[in-house]
Amino acid sequence: MRNAFDVLDERGFIEQGTHPEELRELLGKESVTFYIGFDATASSLTMGHLIPLMGMLHLYRAGHRPIFLLGGGTTMIGDPSGKSDMRQMLSQDIINANVQSFRRQFSKFVNFDDGSAIMENNANWLLDLNFMEFMRDVGRHFSVNRMLTLETYKSRLEAGLTFLEFSYILTQSYDFLELFRRYNCRLQMGGNDQWSNIIGGYELVRKVEGEAVYGLTLKLLTTNAGTKMGKTEAGTIWLDSERTSAYDFYQYLRNVDDADVERMLALLTFLPMEEVRRLGSLPGSEINQAKEVLAYEVTKFVHGEEEAAKAQATAKALFGGGGRDENMPSTTFAKETFAAGMDILSLLVETGLASSRSEGRRLVQQGGVALDDQRVEEIDRLVTVQDFSRDTLIIRKGKKVYHRVVIE
RNA sequence: GGAGGGAUACCCAAGCUGGCCAAAGGGGGCAGACUGUAAAUCUGUUGGCAACGCCUUCGAAGGUUCGAAUCCUUCUCCCUCCA
């Protein structure tokens, strides 16, 4: 079997590591226990979490043992990394609920029953720590002089940084020590924004235990231009279908930039690299095939084959012509609602296509709204029962956003 | 604890000798054109509403004034220097 390190490397996961050569050697000769921590700051994982998740799965498939560490404890503090402002403190109830959500989601991807993969929660050891003991055992190993030079804190030194957040690195570092002791965990991975925190744990374990452990950071989900992916202005792309529908999830990937397709295929799918490279080098508009594969594969991985197929069918129906499909987002009204007609602005707001009447007005004025592919020209257009054929009416906003209105 | 500086719309950032400020500019977003459901580019738009007008908004609460993002008071938070 190929060295898992090489697999990650070839697929473009690796950003930086502490002793890459040594680590590669270790991964080549024995099953290594490794971990990634996930702070429970929201009720669902996001598309951005797919990179660490995929990274873990590649190692898992190569016979190494992953620990999915839920941040029930660390989230109490809140990682300042990459944040320009103070994080909002979350209540323990919310954190617990988020942890449960993460637990459910991870369980969909990995089987934790046979011991080949582990799910832990750092609340188990962080919540009851004794401050004095902790400071004397762990705190003494951290140099504030050094911490102040870390990239993570630099920006915050201007904007403001509380001791609560400043101490985050200690808790995450302690996690590594704890996992080393409990599970002989030798490697911590994480997004590149976690580099400082990972180094903290790496050094702590080496100092306290005198054992060789490693840190490795993975690429963040970014576009070719370096901006964050998995976020739209409308919000984050979530893995929970309640928050981001399978169709929207599919569409997000279907619309990635040409320049990002190959990298995304390598990072977010299990397709062999030869295939990834072939798809990524398709010329001109043929690259759309690669985007379809990307969207389908990742949607399948996250939402299952059935949902992926539906999303794909919907997309093809809408963009391939016809413009009709059962699976697009829809809103149902009672038939009487349209008896006297509903003005277009109300309809836009009711369906969520516009957040206010003013926004709807702008959309219509700019020619961005169509009913069954007929552009709406008048601001006071009244939608009546006559506009529905077979009780449905397709509203389109812009070029890509479809919504089905049904009356019954 | 003391002395200064700051808080403006999704973000950054002007304005702060009171009216011409729903508030410049940039970014981002949305829409239109061009396209391949791409990028780049160009154009429009970007608080709300019963819309040539009205209402709410410039950290919070009060006050001065015919009129305040702009002046005064108190408070909250942040930054810098001193202790």
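As the structure is a prediction and not an experimental result, all values here were calculated from the model. Below, chain A is the first sequence line, B the second, and so on; all start at residue 1.
Shown here, rG44(B) forms a base pair with rC30(B); the pair counts as Watson-Crick or G-U wobble because both key distances fall under 3.5 Å. Under the Watson-Crick or G-U wobble criterion, with both distances below 3.5 Å, rC77(B) is paired with rG6(B). In this structure, rC58(B) makes no Watson-Crick or G-U wobble pair, since no nucleotide meets both defining distances under 3.5 angstrom. In this entry rA24(B) has no Watson-Crick or G-U wobble partner, no candidate having both defining distances under 3.5 Å. The nucleotide rG67(B) finds no pairing partner, because no Watson-Crick or G-U wobble arrangement with both distances shorter than 3.5 Å includes it. Remark: rA50(B) base-pairs with no nucleotide in the shown strands. Criterion, Watson-Crick or G-U wobble with two distances under 3.5 Å.
For S346(A) and D343(A), the side-chain atoms include at least one donor-acceptor pair closer than 3.5 Å. A donor-acceptor pair shorter than 3.5 Å cannot be found between the side chains of E262(A) and S281(A). Between the side chains of E307(A) and Y250(A), no donor-acceptor pair is found at a separation under 3.5 Å. Counting only N and O atoms by type, the side chains of S330(A) and H403(A) include no donor and acceptor under 3.5 Å apart. For the residue pair S43(A)/R243(A), the side-chain donor-acceptor check at 3.5 Å is satisfied. Side-chain contact, Y202(A) with Q188(A): no donor N or O sits under 3.5 Å from an acceptor N or O. Judged purely by distance below 3.5 Å, without hydrogens or angles, the side chains of S245(A) and D248(A) pair a donor atom with an acceptor atom.
Remark: E305(A) CD is loosely packed, at most 12 non-hydrogen atoms of other residues, nucleotides or ligands lying under 6.0 Å away.
Rounded to an integer number of Å, the gap from CD of E286(A) to P of rA39(B) is 19 Å. Spacing between atom CZ of F319(A) and atom P of rU35(B) amounts to 18 Å, rounded to whole angstrom units. What separates CG of N255(A) from P of rU37(B) is a distance of 10 Å, to the nearest Å. In this structure, CZ of R361(A) is placed 14 Å from C1' of rG47(B), rounded to the nearest angstrom. When the C1' atom of rA39(B) is taken as reference, atom NZ of K291(A) falls 8 Å away, rounded to whole Å. In this structure, E359(A) places its CD atom 13 Å from P of rG32(B), rounding to the nearest Å. Rounded to an integer number of Å, the gap from CG of L363(A) to P of rG29(B) is 16 Å. Separating the NZ atom of K400(A) from the C1' atom of rU35(B) is a distance of 11 Å, rounded to the nearest angstrom.
R375(A) comes within 4.0 angstrom of sugar-phosphate atoms only, judged by non-hydrogen atoms across all strands, and of no base. Residue K397(A) is in sugar-phosphate contact alone, with no base atom involved, counting any heavy-atom pair closer than 4.0 Å across all strands shown. Within the 4.0 angstrom heavy-atom criterion, only backbone atoms of the sugar-phosphate kind lie near R362(A); the bases stay farther away. In this structure, Q251(A) reaches the bases: a heavy-atom distance under 4.0 Å links it to at least one base atom across the strands shown.
The side chain of K316(A) contributes no N or O atom lying less than 4.0 Å from OP1 or OP2 of rU37(B).
Of the residues in residues 345-358 of chain A, those placing a heavy atom less than 4.0 Å from an atom of RNA chain B are S356(A), R357(A), S358(A), in numerical order.
Under the 6.0 Å distance and 45° angle rule, R181(A) does not count as a cation-pi partner of F176(A). By the 6.0 Å and 45° rule, R24(A) does not stack over the aromatic ring of Y214(A).
Between E306(A) and K300(A), none of the side-chain N atoms (NZ, or NE/NH1/NH2) sits under 4.0 Å from a carboxylate O, so this pair counts as no salt bridge.
rC58(B) has its base anti relative to the sugar, with a glycosidic angle deviating from 0 by more than 90°.
Between R396(A) and I287(A), it is R396(A) whose nearest contact on RNA chain B lies nearer the 5' terminus.
In terms of polar N and O atoms assigned as donor or acceptor, the side chain of Q366(A) never comes within less than 3.5 Å of the base of rG32(B) in a complementary pairing.
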Margin query: Walk along nucleotides 54-59 of chain B from 5' to 3' and tag each nucleotide B, S or - by protein heavy-atom contact under 4.0 Å, base first, then sugar-phosphate.
Written below: ------

